[in-house]
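Numbering of residues begins at 1 and proceeds along the displayed sequence. These numbers come from a predicted model, not from an experiment.
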Amino acid sequence: MTSPTPPQGRYASFQAFYPHYIHEHSNRTCRRIHVVGTGLVILAFVAFVVTRNAWWLLAMPLVGYGFAWVGHFFFEKNRPATFKYPLWSLMGDFRLFWETVSGKRRF
């Protein structure tokens with residue numbers, strides 16, 4: 001399976017980018033690690049809201065990127081899309097999380 005190629009080197013929209021994002025997460029273990037990491041990011045945000053302790057805000061990117069990058073470097077064996085598409089990758093993480101917890105995408 002080949003990755004969808006962006007027109008003229010960049011994707012014009014998140015809708016066009018998301019198939020590429022999913023292709024870059026074809027390894028099941030990588031997807032699972034992403035879902036766990038995104039879930040922990042959400043919990044860290046909730047902890048911040050409840051405690052008003054700013055350390056939880058620092059924990060969010062460390063946990064999120066830490067889990068995601070382990071998935072990419074050790075299981076997917078590719079370069080995270082975050083480096084080229086930071087915002088759309090973040091949006092993709094949350095969409096992947098939602099699709100998984102809602103049962104639309106297999107865990």
With rounding to the nearest 0.5 angstrom, report the [atom1] to [atom2] distance, [X] to [Y].
X: S89; Y: F17; atom1: OG; atom2: CZ; answer: 4.0 Å
X: F14; Y: W88; atom1: CZ; atom2: CH2; answer: 9.0 Å
X: N53; Y: L58; atom1: CG; atom2: CG; answer: 10.0 Å

Checking [X] now: which residues fulfil side-chain contact (heavy atoms from CB on, under 4.5 Å) with it, not counting sequence neighbours?
X: L43; value: L40
X: N27; value: T29, C30, F75, E76
X: Y65; value: P61, W69, T82
X: F107; value: R32, V35, T100

Verify same cluster id: W55, M60 (apolar side-chain graph, 4.5 Å):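 No: no chain of side-chain contacts under 4.5 Å links W55 to M60.
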Grouping I, L, V, M, F, W and Y whenever their side-chain heavy atoms are under 4.5 Å apart, do L62 and F74 come out in a common cluster?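 The answer is no; the residues belong to distinct hydrophobic clusters.
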Are the ring centres of Y18 and Y21 closer than 6.0 Å?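 That pair passes the under 6.0 Å test.
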May I have all residue pairs that pass ring pair (Phe, Tyr, Trp, His ring centres under 6.0 Å) and include part of residues 28-53, sequence neighbours excluded?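 The answer is H25-H34, H34-H72.
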Verdict with supporting geometry, V41 and F67, side chain to side chain contact (heavy atoms under 4.5 Å, CB included): CA-CA 10 Å; V41 165; F67 273 74; over 6 Å; no
Any pair with a residue in residues 97-107 that passes salt bridge (Lys or Arg N to Asp or Glu O under 4.0 Å), sequence neighbours left out, goes on the list, sorted by first then second residue, please.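 Sorted pair list: R95-E99, E99-R105.
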May I ask you to check whether over 12 heavy atoms, not counting those of F94, lie within 6.0 Å of atom CZ?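 Above 12, so yes.
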Judged by atom type as modelled, is there a donor-acceptor pair below 3.5 Å linking the side chain of N78 to the main-chain atoms of F73?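 No, because the side chain of N78 does not come within donor-acceptor range (under 3.5 Å) of the backbone of F73.
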Might you point out which heavy atoms bring F83 and R79 nearest each other, and give the distance in Å?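 Nearest pair, atom of F83 first, then R79: CB-NH2, 3.4 Å.
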